[in-house]
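First comes the structure, then the notes that go with it.
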Amino acid sequence: MTSVQVEQHGNTPGEGTQGDGGEGYHRTLGARQIQMIAIGGAIGTGLFLGAGKAISKAGPSLILAYAIAGLVIFFIMRALGELLMYRPVSGSFSDYAREFLGPFWGYVTGWTYWLFWVVTGITEVTAAAQYMSYWTHDSFPQWAYALIFTVILYGANLISVKLFGELEFWFSMVKVTAIVGMILICAGILTIGFSDAAETASVANLWNDGGFFPKGIGGTLMTLQIVMFAFLAVELVGVTAGESKDPEKTLPKAINTVPWRIAVFYVGALIMILSVVPWTHFQPGVSPFVAAFERMGLGIGAAIVNFVVLTAALSSCNSGMYSTGRMLRDLALNGQGPKVFTRLTKSGTPLIGTTFSASLMLVGVWINYVAPGKAFDYVVSFATISGMWAWIMILVCQIRYRAKADRGELPGSKFKAPGAPYTSWFALAFIGMVIVMMGADKDARVSLYCAPLWGVILGVAYLVMKNRDPRGAAFTKAS
């Protein structure tokens, strides 16, 4: 039997930055792990698989889309960094929304981010099971792989946060090695001229086939939703704030690496791949990495990419296991969720919250097994809009915080976002444009239909809880 403890939610600004977390968590995530969690959050299946569809829609101009979106992501992360240095808490986005916008917005943000990771965990663990069929050729049931992966990751998250950090470190290492390897191979082809792709490899491929914007500016804009989806989870580093050994040093350093991570892993990788392989050779549903390896005559490339994508899927599910338990605990500590979710094991992990979330992930695997139809796809599509909600809350809270700090009502952050609040307003406008683009795309429009429904569910639940305890601190003031 696992012994548990219940901690009181008594963090004050700047409190709990050393030793054990001020919320009862153990600060065991070191700089090496935080760096890789930050890197891993920016590299996922959106790049390894989704980029194929985006290339076919926009051509080489996708490089520019990733560069601009990457700049926006940097603004978002610096806004988050400013808030984290003001008050590093594991509840992160929902805690800041509760403080600067009110209890209802903290409630909506916490539950929405929790749902985002549950849905993402469902899709990723199912995807990981599908990737295994590459080697087993359906000789082993897909549902069994999904069950095995879920149980392993669930167990790893319960043992200790340090083990979670180690898993993320090595998952991220595999992804980074794969991308760096691809860049070096492409560079070798362009300079030395080896492999079957040497005859047609040229930087001129970036503008030869229809120009840099072969599908026009409109085609580039329509890929923004795919591009932003690829960056979802980059904000996960904020959830680790309550368990970082030295948040004042590790978190700013991790956030400041965002520009070069995006420049190398997205912009750099795409420049090299599209220089070696003309954009017209890429198709939706086919990994650009696989297509590039095949063009080079490297048959082993498909197996390598399949392993990397499997790693990316498991990494995402592992992150989901980690974050869902913390978000549920933050909600419970503030009276906006069942109190049972406040319990921690001796190793400082939220046992019941993680177990509840993992159970829902298993239900999702079961649904995918018995009814793998459009209904499941519609649920999955909600991940994009729910993930961007966290970004919106980060930016709005940072704007509110900076205004209060400038007036002397709150202590200033040691890690101010450059150009704020103007950069934060720009990022909000950009996200708004992406949402408009989603509405114009019939494949992504369903996400916008799901969002109001989820909002109604949350609103009704909030009113029910408030009517039961109208004078409760969770509903009458921000924490």
Is there side-chain contact between [X] and [Y], with heavy atoms separated by less than 4.5 Å?
X	Y	result
Phe289	Ile179	yes
Trp111	Leu328	yes
Tyr96	Met393	no
Ile55	Leu270	yes
Phe213	Leu64	yes
Val176	Phe265	yes
Leu232	Phe116	yes
Val125	Met361	no

For Ser94, which of Thr109, Thr112, Asp330 qualifies under side chain to side chain donor-acceptor pair (under 3.5 Å)? Asp330
Which residue, Arg78, Glu82, Gln398, forms the side chain to side chain donor-acceptor pair (under 3.5 Å) with Ser424?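 Checked Arg78, Glu82, Gln398 against Ser424; only one passes side chain to side chain donor-acceptor pair (under 3.5 Å): Gln398.
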Please walk me through it: do Ser386 and Val119 pass side-chain contact (heavy atoms from CB on, under 4.5 Å)? CA-CA 10 Å; Ser386 59; Val119 172; over 6 Å; no
Rounded to the nearest 0.5 Å, what's the gap from [atom1] on [X] to [atom2] on [Y]? Could you check?
X	Y	atom1	atom2	answer
Glu99	Leu410	CD	CG	6.5 Å
Met321	Leu314	CE	CG	10.5 Å
Arg343	Ile352	CZ	CD1	4.5 Å
Leu147	Leu362	CG	CG	6.0 Å
Leu458	Leu115	CG	CG	8.5 Å
Phe74	Asn256	CZ	CG	5.5 Å

Qualifying ring-ring contact (aromatic ring centres under 6.0 Å, His included) pairs, either residue in residues 387-424, two or more places apart: Tyr86-Tyr401, Phe100-Tyr401
Taking every non-hydrogen atom, the tightest pair across Pro103 and Gln336: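 Heavy atoms of Pro103 and Gln336 come nearest at O-NE2, 2.9 Å.
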For a quick test of reading the model, state the closest non-hydrogen atom pair linking Gly110 to Leu331 and the distance between them. C-CD1, 3.7 Å
Given Asp406, which of Arg402, Lys404, Glu409 fulfils the side chain to side chain contact (heavy atoms under 4.5 Å, CB included) condition?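 Going through the options one by one, the only one that passes is Arg402.
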Enumerate the salt bridge (Lys or Arg N to Asp or Glu O under 4.0 Å) contacts for residues 424-436, please, sequence neighbours excluded, ordered by first and then second residue.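 As it turns out, there is no salt bridge (Lys or Arg N to Asp or Glu O under 4.0 Å) pair with a partner in residues 424-436 once direct neighbours are skipped.
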Whether Thr423 side chain and Pro418 backbone form a donor-acceptor pair below 3.5 Å: yes
Would a distance-only check, ignoring hydrogens and angles, find a side-chain to backbone donor-acceptor pair under 3.5 Å from Thr223 to Thr220?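 Confirmed, Thr223 side chain pairs with Thr220 backbone.
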So Leu360 and Thr324, side-chain contact (heavy atoms from CB on, under 4.5 Å) or not? Walk me through it. CA-CA 11 Å; Leu360 289 183; Thr324 51; over 6 Å; no
Please assess Met222 against Lys215 for the test side-chain contact (heavy atoms from CB on, under 4.5 Å), listing each intermediate value before the final yes or no. CA-CA 10 Å; Met222 290 303 293; Lys215 298 296 183 74; over 6 Å; no
With sequence neighbours excluded, what pairs up with Phe75 under the ring-ring contact (aromatic ring centres under 6.0 Å, His included) test?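 Here no residue qualifies.
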Run the side-chain contact (heavy atoms from CB on, under 4.5 Å) test on Lys416 and Met85 for me, step by step, so that the C-alpha distance in whole Å, both residues' side-chain angles and the decisive distance to 0.1 Å come before the verdict. CA-CA 9 Å; Lys416 288 186 176 181; Met85 291 304 98; over 6 Å; no
